[in-house]
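See structure below.
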Amino acid sequence: MPSDDIKDIYRQLVRKLEERCRLGGVMGVMHWDQEVIMPHGGAESRAMQMAALAGVLHEKSVDPFLGDLISKLINSEPDEFTGVEWCNIREAKREFDLETKIPKELVQEIAELGSRGHQVWAKAREENRFEDFAPILERFIILKSKWAEHAFPEMEPYDANLDIYERGMTMDRLSPIFENLKNELIPLICSIKNSGMKPDDSFLEGDFPIDKQEALGNSISRDMGFNFDKGRMDVSVHPFCGGGHPTDVRITTRYRTENFIESLFAVIHETGHGLYEQGRMAACLDLPVSEPLTMAVHESQSLFWERMIAQGKSFSIRYLDKFKEVFPDFLKGVSADSLFRAINVCRPSFIRVEADELTYPVHIILRYEIEKSLFDGTLKVKDLPDAWNDKMEEYLGIRPSTDTLGALQDVHWSGGAFGYFPSYTLGAMYACQFYNKMIVDIKDIPERIEKGDLACIKTWLNENIHRQGRLYSPDQLAEKVTGQILEPDIFINYLKTKYNTIYGLN
Ligand code: ZN
């Protein structure tokens, strides 16, 4: 085909992709509105509006004309397009294939089960009745296995589910990574428990006015480089990062007057996600090439700021005086070192979202093992609560007294999101690996943080991660940035060094 013609076909594809992206942005704003300011009475009409828009988006995604454009482009000569253009073509093909390979009835049944599942789960969790949620879960395993057969017939069903969130990740690769992590972390958590050492974190509790917490969160988000001309911060039940576009990024947090650290760390975490969105390659904001790479890489950006920066000692040194200034009645006599220890306390607990840096991966591994065995049939749904509690006891030495504190705590399964959990811990591993490289590139990072220069960190992430969009696979990106693909030992060594020091072990 003459080159001019093929370029024109590409331009048509770009217009289609941009249109879909913009409609997706409308959905993003509607979702934010629903979570943040919509009156309760609007729930039913909003659900119908969003379903209608989802229908339009689906129709556009399966448009045969779009399929035509893609198949004309995909076999072009390699030098016909730039790397950016090829990425848009490949992404368009992946999306189109996924949308068209699944029978419509299956898509509908999964969507219906998801919305019903959420209601059933919320009630079952409140009433501690796992048996009410069990039939939903059983049906979901069947539907998501069927879905996998259509979407990725060459893969194991659970691998196909993993691939949605972390492309290229498989059980063959992930199981040994998690096994190793478990073998290293469980004895460390146990030694910490046996050390009898309990850093004082009682001074983090108090009475912290919400307006002051909000002002503090705002100013630290600004210090990190969040652009409030192209973003905003509000309150929702569960903190999230959403919005309609990289030029309109909405982050949220929630406040408790008794504790300011939780809300502040939610702000830092969501700002990390927000900076990824705001930092996307400027020339292609409405195209797939600029989109965040995977769930794990997105999470690596929030955890980079939350765990690697804000839970580091330099951050405590920098911000202790500010905290004392904002809350003059509290933190009297507290040193930067004791603040650092207080925000890094390791304490096994039942609830994943409240878990500390060291026990968090264990919560993830537990869920991964359970999901894997639900999909390969070695675990029956009815036996899930016992399996959960046994693992909790074996790994963290605590046994939930109810399923509300155990197998019913997470929202993910109620919507059929299997294979999502590993992203959290893979994200923590990427964050650690990226951080290790950043401190080689910028030698005086601790001193800079102590002086309040967080801008250099944002710039480093912008250049190395945010602007790379989807040009590379996660392994290629890790290799490009750090010189090696995902290397879990970096994460393990970091945790061991940090917590052995804090708890005076070895
Ligand atoms: Zn996150």
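Note that ligands are numbered from 1 as they come in the structure, with each ligand's atoms numbered from 1 the same way.
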For this session: Tell me which N, O or S atom of His273 sits nearest to the Zn ion (ligand 1).
Result: NE2
For this session: Tell me yes or no: between the side chains of Glu214 and Tyr255, is some donor less than 3.5 Å from an acceptor?
Result: no
Exercise. Between Tyr430 and Phe434, what is the ring plane arrangement, given parallel below 30°, perpendicular above 60°, and tilted in between?
Worked result: parallel
Exercise. Under 2.8 Å from the Zn ion (ligand 1), is there an N/O/S atom belonging to His298?
Worked result: no
For this session: Write the atom name of the N, O or S atom in Glu299 that is nearest the Zn ion (ligand 1).
Result: OE1
Exercise. Crowded around His238 NE2? As in, over 12 foreign heavy atoms under 6.0 Å?
Worked result: no
For this session: Please determine if Arg367 forms a cation-pi arrangement with Tyr420, meaning its NZ or CZ atom is less than 6.0 Å from the six-membered ring centre and no more than 45° off the ring axis.
Result: no
